[in-house]
Amino acid sequence: GLARVHIGRRYRLGVMGGTFDPIHHGHLVAASEVAARFDLDEVVFVPTGVPWQKKGRKVSQAEDRYLMTVIATASNPTFSVSRVDIDRPGDTYTVDTLKDLRRERGSDVDLFFITGADALSHILTWRGAEELFDLAHFIGVSRPGVPLGVKDISHLPAEKVTLLEVPAMAISSTDCRQRVGEDMPIWYLVPDGIVQYINKRGLYRDNDQTIPEDH
Ligand code: ATP
Ligand code: MG
């Protein structure tokens, strides 16, 4: 047959890290919007292990957060879920997440780390910050009520960071947990299967779990 050199386009993998306690439509819209704008082949959701930024509040078991993430993403053929952070012992650091994914997926994959614009401005305080920009491109998505001026990222390498406005979704996991604790509905804030999973497992009923985090 005809010898053919297939010069494939590099695979573009979005990485959406989060506590996902619970996952909600804000996360899903953000991932979907970034996937479309950046022509991503796949977005992998990566529930954190021990979220060190969130010490001081009770975080649901990793297995519950993992399963909710699987339930919420199952119907989208370009969404997947990775266990790298929940299977790695100790605190979760983004630099380890990206290194593990690169190891698993190979070197011919471009990584796009998706994060809230609020978290992005703190990026240089993360452990391994100097390595992060070699591992991935960073996309900060706007969140309603959390504006980010250009000056906030002026200290980050411009070719490695993009800010993107996504359709406004004033939804947070903190608010969802609080609502469950107060017997208020979370229908339409989270996928139907997540409402049902939360009820089935009795999550967020204990008011100790609903203390809002302070960042
Ligand atoms: P919590 O209220 O417990 O902090 P959260 O809603 O912020 O939860 P996380 O799991 O902490 O959810 O978020 C994971 C990522 O998704 C973060 O980068 C966060 O900025 C982003 N994100 C969360 N909610 C939204 C939203 N409504 N729109 C866009 N991005 C969001
Ligand atoms: Mg948060």
Side-chain angles (χ1 to χ4, degrees), residues 13-32 34-35 40 42-105 111-116 118-120 122-123 126-128 132 135-136 138-141 143 169 171-177 180 186 189-204 209-210 212-213 215:
L13 179 66
V15 181
M16 178 92 190
T19 313
F20 304 130
D21 192 19
I23 188 166
H24 53 68
H25 279 132
H27 298 129
L28 296 163
V29 165
S32 161
V34 174
L40 303 181
E42 177 184 343
V43 176
V44 57
F45 288 70
V46 191
T48 54
V50 182
W52 54 270
Q53 309 96 322
K54 294 192 178 178
K55 279 178 180 156
R57 90 159 177 85
K58 213 162 139 193
V59 174
S60 302
Q61 289 172 25
E63 216 54 40
D64 282 324
R65 294 184 292 107
Y66 169 74
L67 285 174
M68 286 192 281
T69 307
V70 170
I71 290 164
T73 57
S75 62
N76 187 324
T78 67
F79 286 176
S80 63
V81 185
S82 168
R83 296 184 61 96
V84 286
D85 283 353
I86 62 179
D87 287 345
R88 184 187 326 101
D91 291 350
T92 293
Y93 294 96
T94 297
V95 65
D96 298 327
T97 309
L98 294 172
K99 281 181 178 170
D100 282 356
L101 288 172
R102 183 160 292 295
R103 201 171 301 130
E104 271 183 10
R105 301 301 192 101
L111 300 179
F112 295 81
F113 189 80
I114 306 162
T115 187
D118 46 323
L120 193 64
H122 297 146
I123 204 166
W126 294 354
R127 196 177 80 166
L132 285 172
L135 289 161
F138 285 78
I139 300 159
V141 297
R143 303 180 63 176
M169 298 287 261
I171 307 173
S172 72
S173 300
T174 300
D175 183 49
C176 292
R177 293 191 301 273
V180 174
I186 55 168
L189 298 174
V190 302
D192 293 358
I194 301 306
V195 182
Q196 285 152 346
Y197 186 88
I198 289 169
N199 288 337
K200 171 175 157 181
R201 296 276 298 129
L203 301 179
Y204 317 129
Q209 292 193 349
T210 62
E213 52 154 336
H215 55 189

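For reference, positions follow the sequence shown, starting with 1. We use all heavy atoms of the structure for the numbers below, so side chains are in, but hydrogens, waters and symmetry mates are not.
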Novice: Which residue pairs pass the salt bridge (charged side-chain N to carboxylate O under 4.0 Å, His left out) test with at least one member in residues 18-27, sequence neighbours excluded?
Specialist: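 Qualifying pairs, neighbours excluded: Asp21-Arg57.
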Novice: I need the Ile23 CD1 to Phe45 CZ distance, nearest 0.5 Å.
Specialist: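 Output value for this atom pair is 5.0 Å.
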Novice: Minimum heavy-atom separation for Val43 to Ala35, with atom names?
Specialist: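 Minimum heavy-atom contact is CG2-CB, 3.9 Å.
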Novice: Rounded to the nearest 0.5 Å, what separation is found between the OG atom of Ser60 and the CZ atom of Arg201?
Specialist: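 Here the interatomic distance stands at 9.0 Å.
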Novice: Is any side-chain heavy atom of Phe112 less than 4.5 Å from a side-chain heavy atom of Leu40?
Specialist: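 When only atoms from C-beta onward are counted, Leu40 and Phe112 do touch, with a gap below 4.5 Å.
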Novice: Minimum heavy-atom separation for Ser173 and Pro22, please, with both atom names.
Specialist: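 So the two residues come closest at OG-O, 2.8 Å.
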Novice: Under 4.0 Å between a side-chain nitrogen and a carboxylate oxygen: does that hold for Lys99 and Asp96?
Specialist: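 No, this pair does not count.
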Novice: Can you measure from OG1 (Thr48) to CD1 (Ile86) and round to the nearest 0.5 angstrom?
Specialist: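 Interatomic distance, Thr48 OG1 to Ile86 CD1, rounded to 0.5 Å: 9.0 Å.
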Novice: On a heavy-atom basis, which atom in Ala31 and which in Phe79 lie closest, and how many Å separate them?
Specialist: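 So the two residues come closest at CB-CZ, 3.8 Å.
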Novice: Drop me the distance from Leu111's CG to Phe138's CZ, to the nearest 0.5 angstrom.
Specialist: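 Going from the CG atom of Leu111 to the CZ atom of Phe138 covers 9.0 Å.
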Novice: Could you tell me the separation between the NE2 atom of His27 and the CD1 atom of Ile114, rounded to the nearest 0.5 Å?
Specialist: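 If I round to the nearest 0.5 Å, the distance is 11.5 Å.
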Novice: Please report, to 0.1 Å, the donor-acceptor pairs under 3.5 Å made by any side chain of residues 190-200, with sequence neighbours excluded.
Specialist:
{"residue": "Tyr197", "atom": "OH", "partner": "Asp64", "partner atom": "OD1", "Å": "2.5"}
{"residue": "Asn199", "atom": "OD1", "partner": "Arg205", "partner atom": "NH2", "Å": "3.3"}
{"residue": "Asn199", "atom": "ND2", "partner": "Val195", "partner atom": "O", "Å": "3.4"}

Novice: Could you pull out every donor-acceptor pair under 3.5 Å between side chains of residues 67-78 and any protein atom, sequence neighbours left out?
Specialist:
{"residue": "Thr69", "atom": "OG1", "partner": "Arg65", "partner atom": "O", "Å": "2.7"}
{"residue": "Thr73", "atom": "OG1", "partner": "Thr69", "partner atom": "O", "Å": "2.8"}
{"residue": "Thr73", "atom": "OG1", "partner": "Val70", "partner atom": "O", "Å": "3.4"}
{"residue": "Asn76", "atom": "OD1", "partner": "Thr78", "partner atom": "N", "Å": "2.8"}
{"residue": "Asn76", "atom": "OD1", "partner": "Thr78", "partner atom": "OG1", "Å": "2.9"}

Novice: Counting only heavy atoms not in Gln61, do more than 12 sit closer than 6.0 Å to its CD atom?
Specialist: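 Count not over threshold, so no.
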Novice: Which heavy-atom pair separates Gly26 from Ile171 by the least distance, and what is that distance?
Specialist: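 Scanning both residues completely, I find the closest heavy atoms to be N-CD1, 4.0 Å.
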Novice: Any idea which heavy atoms bring Glu42 and Ser80 closest together, and the distance?
Specialist: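 Where Glu42 meets Ser80 most closely, the heavy atoms are OE2-OG, 2.7 Å.
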Novice: Is Val180 close to Leu203 at the side-chain level, that is, under 4.5 Å between some pair of heavy atoms?
Specialist: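 No - every pair of side-chain heavy atoms lies 4.5 Å or more apart.
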Novice: Quick check for you: to the nearest 0.5 Å, what is the distance between Arg83 atom CZ and Asp100 atom CG?
Specialist: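 Going from CZ on Arg83 over to CG on Asp100, the span is 13.5 Å.
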